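The block underneath contains the structure these notes are about, expressed in structure tokens.
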Amino acid sequence: MKMNPTQENRTNAALQNQLNTQLANWSVLGVKLHAYHWFVKGPQFFTLHKKFEELYGAAAGYTDELAERLLAIGGTPAASMSQYLQLASVKEYSGPMTAEEMTADLASDFRTIAAQLSAGIVEAGQEGDEPSGDLLTGMKAEVEKQAWMLESFSGR
Ligand SMILES: [Fe+2]
């Protein structure tokens, strides 16, 4: 059902929660990807150092798009690290890891995020909010592609 903008602002709390969860995920991942970029070691250093840089760049873009979409639909984006850690479904970096552990952890994070994005896409559809649905759908396609690449890199 298509709603007028005023109704939309009052009734899209579930969608706003989905967008804030993704904002939190990408904020935590942005910090974690920097850690992986800095601390990765081994024969794949140059490949992974560069890949993690590409991914934290994408994370920065997603956080800004999600926050501004939240504002555009009358929501309030989470905007502190403590909120991000509370809302995120991905875990932050917590100590030394091998390159293999880093790629496996990221692939797992991306699969988790893809599943949550599916729920967000359904929610956006129920709200008749095509722009939010488009944003989440684009992110899901990219996240699934990156998960496949990371799994292939690890020989899985
Ligand atoms: Fe760098």
Side-chain angles (χ1 to χ4, degrees), residues 12 14-124 129-156:
N12 63 5
L15 175 59
Q16 290 182 23
N17 287 340
Q18 295 280 356
L19 292 170
N20 259 321
T21 298
Q22 293 308 322
L23 172 57
N25 279 340
W26 288 107
S27 299
V28 171
L29 265 179
V31 175
K32 177 151 79 175
L33 285 160
H34 272 91
Y36 288 1
H37 171 74
W38 297 326
F39 299 142
V40 67
K41 289 195 187 306
Q44 304 296 340
F45 173 85
F46 287 107
T47 302
L48 289 176
H49 180 71
K50 197 170 158 204
K51 174 50 92 176
F52 296 149
E53 180 173 12
E54 173 201 320
L55 291 173
Y56 73 61
Y62 290 148
T63 56
D64 195 49
E65 282 189 89
L66 288 159
E68 292 181 358
R69 184 63 198 158
L70 270 159
L71 289 163
I73 63 171
T76 305
S80 69
M81 291 309 292
S82 54
Q83 280 179 296
Y84 295 148
L85 286 170
Q86 198 188 340
L87 292 173
S89 39
V90 301
K91 299 250 180 302
E92 66 177 338
Y93 176 77
S94 63
M97 294 167 79
T98 64
E100 169 60 28
E101 286 167 342
M102 289 176 182
T103 52
D105 176 65
L106 272 184
S108 164
D109 283 353
F110 285 176
R111 293 297 182 193
T112 300
I113 287 173
Q116 289 185 324
L117 285 167
S118 296
I121 290 161
V122 170
E123 200 66 54
D129 183 342
E130 292 95 348
S132 293
D134 280 357
L135 174 60
L136 298 178
T137 301
M139 288 172 57
K140 184 168 187 275
E142 188 58 27
V143 160
E144 287 176 339
K145 186 171 85 174
Q146 295 298 335
W148 155 65
M149 287 184 179
L150 288 163
E151 287 157 2
S152 298
F153 180 87
S154 305
R156 278 173 287 133

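In each ligand, atom 1 is the first atom listed, and ligand 1 is the first ligand listed. Note that the structure is predicted; figures quoted are calculated from it, not measured.
Between R69 and D64, no side-chain nitrogen of the basic residue sits less than 4.0 Å from a carboxylate oxygen of the acidic one, so the salt-bridge criterion is not met. Between E144 and R111, no side-chain nitrogen of the basic residue sits less than 4.0 Å from a carboxylate oxygen of the acidic one, so the salt-bridge criterion is not met.
Listed by chain and number, the residues in a ring-ring contact (aromatic ring centres under 6.0 Å, His included) with Y62 are W26 (sequence neighbours excluded).
Remark: the backbone N or O of A119 is not paired with any side-chain donor or acceptor of E123 at under 3.5 angstrom.
Between the CG atom of N20 and the CG atom of L70 there is a distance of 5.0 Å, given to the nearest 0.5 Å.
F45 and H49 have parallel rings, their planes meeting at less than 30° on a 0 to 90° scale where 60° marks the start of perpendicular.
By the criterion of a separation under 2.8 Å, the protein N/O/S atoms near the Fe ion (ligand 1) amount to H37 NE2.
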